2 protein chains.
Amino acid sequence: MAKPVADPTVPLELSVDRSSPVPLYFQLSQQLESAIERGALTPGSLLGNEIELAGRLGLSRPTVRQAIQSLVDKGLLVRRRGVGTQVVHSQVKRPLELSSLYDDLEAAGQRPETRVLANTLVPASAEIAAALALGEGDEVHRVERLRLAHGEPVAYLCNHLPTGLLALEDARLEATGLYRLMRAAGITLHSARQSVGARAATAVEGERLGEPTGAPLLTMKRTTFDDKGRAVEFGSHTYRASRYSFEFQLLVRS
Amino acid sequence: MAKPVADPTVPLELSVDRSSPVPLYFQLSQQLESAIERGALTPGSLLGNEIELAGRLGLSRPTVRQAIQSLVDKGLLVRRRGVGTQVVHSQVKRPLELSSLYDDLEAAGQRPETRVLANTLVPASAEIAAALALGEGDEVHRVERLRLAHGEPVAYLCNHLPTGLLALEDARLEATGLYRLMRAAGITLHSARQSVGARAATAVEGERLGEPTGAPLLTMKRTTFDDKGRAVEFGSHTYRASRYSFEFQLLVRS
DNA sequence: CCCCTCCATTTGTCCGGACAATCGAACTTC
DNA sequence: GAAGTTCGATTGTCCGGACAAATGGAGGGG
């Protein structure tokens, strides 16, 4: 009796445009990624060996490998020596990038809203000076915002930034997220150190977010660095635990 | 007047062992990483161009590039076309890998302790069945543990696992973390979906962790997948917010 | 003095090839 | 029939070279 083959190699329509300025490996990786997303490449199926794939596309093997590697790094593919390259099952989404709450809410279709509560220059406290690698008492921007979704408060955001990096106008802060403003100002965000915890709301904190005193709050402190290693932002945020939680995906570094 | 040069190219003692089974690019990336960690490569300094570096080590440029690329992916280096490769400032530690609480505590020198509260087979609830891609009512392992550091409770860990994957003996669960057991059983962890939130402790939860009823707790739910895309574990954890917070570092995907 | 252009430097992309390491299956042997 | 062995397939590593693209500074022109 003929046993049905479980995971045959999947033929696929792939093509690259050599006249395009888009790198060939990137064109290929995007086509593969979209093929996975729309289900043309089913989970568990083999991708076909690299050499044959390269020949079929008129590319060299290193180029094909570069395309595949980028998807392996994203968690979409798994390579196995002597076996081949397989599509990973599961609902892999985003491996937790450095994203702003604004973008997260917008991506979730929640239409975020921002109210600027304060936007001033203040002397840096010890904690802020340490985080931003400045001297205690140096002037820094202080921005306090309330973030709402569907008209309901979700988070209270308090950020401190070094002076001279960015023009912080209330109107622009209300229209978009802080990270977008920083990117638009030519700052290349590189990495961030985060600390996520929880605590009971004080009377003031509860008032701001519409929660009773003592209600559990989710807290996040974050220092963001640009590609030159400068600390460009320090944020202390509190989220209504009843309305918000952090969702993300991790990959095992291998 | 001679202006002091800000960031000169740093000469460095590097060498590779061609008789070693360790890949050359890996030898090089490790040497560079340790040079950065011990400060021999100061933040902001240029690494010297790839071609010269390759010639100095007797390697080809692709090999050197592969070594450098792995450190770029780790966030330790930044490349700039026409400029060079620079060491990133800042205290980059670990870009948030999939780690167990046990390993985290151990790495922090806290000498973790585990008490197994329950270790049984139960029918899967709807939530657990959905997370593990099983049928509701199917038998699953249920493990309840209390994690302590310095003799104080830190977290209550409740995990559910499919049957047939792993032998779960109390003694082994008390000696190490769950992830180490899974790896030792030949399971290749690949990715995980997490959700981090906060809530007020119920009477039972407070009792377990030594907190008053209503105290804020940090909660984490996690489904872990292996490299074949199978869900191999679902965990519901609660942490004492007064004694624990998540610390991690993010990199911007570029 | 300022702005524009040109150019050297450096990384980004791509090619073609070679051999090694590992896996799984077919084969052989006991 | 079961266990060990061999072998083909596939990815991992490495080489050497070539040209393109971006950057920043030097030089020239206004």
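Because the structure is predicted, anything quoted here is derived from the model rather than measured. Order of the sequence lines sets the chain letters (A, B, ...), proteins ahead of strands, with each chain counted from 1.
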*asked:* Measure CZ/Arg79(B) against C1'/dT13(C) and give the value in whole Å, please.
replied: 12 Å
*Provide, to the nearest angstrom, the distance between the CG atom belonging to Leu47(B) and the P atom belonging to dT10(C).*
12 Å
*His190(A) versus Lys228(A): any side-chain heavy-atom pair under 4.5 Å?*
no
_Going by the rule side chain to side chain donor-acceptor pair (under 3.5 Å), which residues pair with Arg61(B) if we only count those two or more places apart in sequence or in a different chain?_
Glu50(B)
_Rounded to whole Å, please give me the gap between NZ in Lys228(A) and P in dT23(D)._
12 Å
*asked:* Suppose we screen for salt bridge (Lys or Arg N to Asp or Glu O under 4.0 Å). Which residues come up paired with Glu52(A), at least two apart in sequence or across chains?
replied: Arg56(A)
*Check the side chains of Glu233(A) and Tyr179(A) for a donor-acceptor pair under 3.5 angstrom, ignoring hydrogens and angles.*
yes
*Taking CG from Leu77(B) and P from dT10(C), how many angstroms apart are they, rounded to a whole number?*
16 Å
*Output all residues satisfying side chain to side chain donor-acceptor pair (under 3.5 Å) with Ser34(B), sequence neighbours left out; order by chain, then residue number.*
none
Protein and nucleotides 14-17 of chain C: nitrogen or oxygen contacts under 3.5 angstrom:
{"from": "dC14(C)", "atom 1": "OP1", "to": "Leu24(A)", "atom 2": "N", "distance (Å)": "2.3"}
{"from": "dC14(C)", "atom 1": "OP2", "to": "Leu24(A)", "atom 2": "N", "distance (Å)": "3.3"}
{"from": "dC14(C)", "atom 1": "OP2", "to": "Tyr25(A)", "atom 2": "N", "distance (Å)": "3.2"}
{"from": "dC15(C)", "atom 1": "OP1", "to": "Arg18(A)", "atom 2": "NH1", "distance (Å)": "3.4"}
{"from": "dC15(C)", "atom 1": "OP1", "to": "Arg18(A)", "atom 2": "NH2", "distance (Å)": "2.7"}
{"from": "dC15(C)", "atom 1": "OP2", "to": "Ser60(A)", "atom 2": "N", "distance (Å)": "3.0"}
{"from": "dC15(C)", "atom 1": "OP2", "to": "Ser60(A)", "atom 2": "OG", "distance (Å)": "2.8"}
{"from": "dC15(C)", "atom 1": "OP2", "to": "Thr63(A)", "atom 2": "OG1", "distance (Å)": "2.5"}

_I need the CD-P distance between Gln69(A) and dT11(D), as an integer number of Å._
12 Å
*Apply salt bridge (Lys or Arg N to Asp or Glu O under 4.0 Å) to Arg230(B) and list each qualifying residue two or more places apart in sequence or on a separate chain.*
Asp226(B)
*Between atom CG in Leu46(B) and atom C1' in dT9(C), what is the gap in whole Å?*
12 Å
*Starting from P on dT10(C), measure out to CD on Gln86(B) and report it in whole angstrom.*
13 Å
*Nearest listed nucleotide, side chain of Arg65(B), among dG12(D), dT10(D), dT13(C)*: dT13(C)
*Among pairs that include at least one residue of residues 159-172 of chain A, which meet salt bridge (charged side-chain N to carboxylate O under 4.0 Å, His left out), considering only residues two or more places apart or in two chains?*
Glu169(A)-Arg172(A)
*asked:* Just to verify, what does Ser70(A) make a side chain to side chain donor-acceptor pair (under 3.5 Å) with, not counting sequence neighbours?
replied: none
*Set of residues satisfying salt bridge (Lys or Arg N to Asp or Glu O under 4.0 Å) with respect to Arg81(B), sequence neighbours excluded*: none
Contacts under 3.5 Å, N or O only, protein and nucleotides 23-26 of chain C:
{"from": "dC23(C)", "atom 1": "O4'", "to": "Arg81(A)", "atom 2": "O", "distance (Å)": "3.2"}

